[in-house]
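Heads up: the structure comes next, in structure tokens.
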Amino acid sequence: MSKRLGKETVSGTPAKQSKHWSIGLLESMRDPECIVKQTKKIVVIRDKYPKAKIHYLMLPHENISSIHKLNSTHIDLLKEFNKIYEEIKIENEDHSLKAGFHAVPSMQRLHMHIISKDMVSPCLKTKMHWNSFTTDFFINYEDILKELKETGSIKKISPDLHKKLLATPLQCNQCSFKPKNMPDLKDHLMSHMNV
DNA sequence: GTTCTAGAAC
DNA sequence: GTTCTAGAAC
């Protein structure tokens, strides 16, 4: 008898994964428990694994899989993104928020992160988590809109740059402190909380 | 995207 | 010996 059955069935044959993890957002945006606000064009949900005190995702109802499927016809949609983001900023005046997209998204359906700058959360665990919000891997809303207006599409980054950005040495997003490791960073972030 | 855990780093 | 990171997951 094995100590752990893992994903194997009783018979010992590997269990097939029925739903791939990358469609998780498509399920969340239909779940009333996750929805924060909604319009004809977009829906805002709570991130299932928030990386800061406030962490929302804004997605279009239209089936756009990622930033790389955007074209000039989507500029109005992005303006709606900004309009709703401005509302959310007013509703969360006590937090400093930023809005943007990951350069290489993992989940299906275009999604804009709306995240507070504290970055205090038990779900923030890895250097990759940190760098995906604090380096150029995080593309600000304004930069996406600008590139779309100027070139009509969003360019993909090279695998080398992707790797380099996520491997950037840890650096506090609020001061010059360079943490030794993730626990060090998380302790340090707490020190920025007291106003 | 997360979970799990081997082995590197301390 | 314990903490921490990084790569596989069918």
Side-chain angles (χ1 to χ4, degrees), chain A residues 1-31 33-36 42-61 63-70 81 98-116 119-139 141 144 154 156-173 177-191:
Chain A
M1 203 60 176
S2 63
K3 281 171 244 168
R4 293 181 69 258
L5 287 174
K7 282 176 182 169
E8 293 188 356
T9 60
V10 180
S11 66
T13 46
K16 196 81 179 180
Q17 203 172 16
S18 57
K19 285 175 184 171
H20 195 263
W21 54 263
S22 72
I23 64 159
L25 294 183
L26 301 177
E27 293 173 339
S28 293
M29 64 189 290
R30 308 291 170 205
D31 180 358
E33 299 274 308
C34 299
I35 296 171
V36 174
I42 64 96
V43 57
V44 179
I45 62 174
R46 267 178 282 275
D47 193 292
K48 196 174 173 186
Y49 299 92
K51 305 303 188 294
K53 296 271 185 193
I54 307 253
H55 189 182
Y56 299 139
L57 300 177
M58 189 182 296
L59 313 91
H61 290 300
N63 184 11
I64 303 166
S65 61
S66 80
I67 48 172
H68 303 113
K69 293 283 159 46
L70 289 170
F81 268 47
K98 64 175 188 173
F101 301 79
H102 281 158
V104 183
S106 325
M107 306 290 276
Q108 286 182 46
R109 185 58 57 93
L110 175 73
H111 56 282
M112 181 172 79
H113 293 270
I114 295 169
I115 186 163
S116 56
M119 300 299 280
V120 169
S121 166
C123 299
L124 180 77
K125 293 175 179 176
T126 69
K127 178 190 265 191
M128 194 200 80
H129 288 154
W130 179 255
N131 283 336
S132 73
F133 290 101
T134 60
T135 68
D136 288 343
F137 192 85
F138 189 86
I139 309 174
Y141 166 82
I144 289 288
I154 305 299
K156 289 192 181 184
I157 65 169
S158 71
D160 276 1
L161 181 58
H162 177 184
K163 197 174 165 184
K164 185 189 147 197
L165 288 172
L166 294 182
T168 303
L170 295 176
Q171 167 68 62
C172 177
N173 63 334
F177 182 66
K178 296 183 194 328
K180 286 185 285 291
N181 53 37
M182 286 303 294
D184 192 20
L185 169 61
K186 288 171 71 70
D187 282 349
H188 172 78
L189 289 171
M190 292 298 292
S191 74

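Chain identifiers are assigned alphabetically (A, B, ...) following the order of the sequence lines, protein sequences preceding nucleic acid strands; residue numbering begins at 1 within each chain.
- Going from atom NZ of A:K51 over to atom C1' of B:dT2 covers 9 Å, rounded to whole Å.
- If you take CE of A:M128 and P of B:dT2, they are 7 Å apart, rounded to a whole angstrom.
- Between the P atom of C:dT5 and the CG atom of A:L185 lies a distance of 10 Å, rounded to the nearest Å.
- Within 4.0 Å (heavy atoms only), A:M182 reaches sugar-phosphate atoms of the nucleic acid but no base atom.
- Among the protein residues, A:P183 comes within range of the sugar-phosphate backbone only, with heavy atoms under 4.0 Å from sugar or phosphate atoms but none that close to a base.
- Note: CZ (A:F133) to C1' (B:dG1) measures 11 Å, nearest angstrom.
- Between A:I154 and A:H68, the closest heavy-atom pair is O-CD2, 3.2 Å.
- With a 4.5 Å cut-off on side-chain heavy atoms, A:Y56 and A:V44 count as touching.
- Residue contacts shown for A:H20 are absent, as no nucleic acid heavy atom lies under 4.0 Å away.
- A:L124 places its CG atom 13 Å from the P atom of B:dG1, with the value rounded to the nearest Å.
- You'll find the side chain of A:M29 reaches within 4.5 Å of the side chain of A:H61, heavy atoms only.
- Side-chain atoms of A:T134 and A:T168, non-hydrogen and from C-beta on, never get closer than 4.5 Å to each other.
- Within the nucleic acid shown, A:K125 comes within 4.0 Å of sugar-phosphate atoms alone, with no base atom in reach, counting heavy atoms only.
- The residue A:S106 sits close to a base: some heavy atom pair falls under 4.0 Å.
- At least one side-chain heavy atom of A:L26 sits less than 4.5 Å from a side-chain heavy atom of A:Q108.
- Atom P of nucleotide B:dA8 and atom CG of A:N181 are separated by 18 Å, given to the nearest angstrom.
- Note that A:K98 lies in the cation-pi zone of A:F138, set by a 6.0 Å cut-off to the ring centre and a 45° limit from the axis.
- Between A:D184 atom CG and C:dC4 atom P the separation is 9 Å, expressed in whole Å.
- Within a 6.0 Å sphere centred on NZ of A:K48, heavy atoms belonging to other residues, nucleotides or ligands number 12 at most.
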Review point. Dot-bracket for DNA chain C, 5' to 3', counting Watson-Crick or G-U wobble pairs under 3.5 Å, with [ ] for crossing pairs and | for inter-strand pairs?
Key: |||||||||.
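- At the heavy-atom level, A:K180 lies nowhere under 4.0 Å from the strands shown.
- Distances shorter than 4.0 Å separate none of the side-chain N or O atoms of A:H129 from OP1 or OP2 on B:dG1.
- Atom NZ in A:K127 sits roughly 14 Å away from atom P in C:dC4 (whole-Å rounding).
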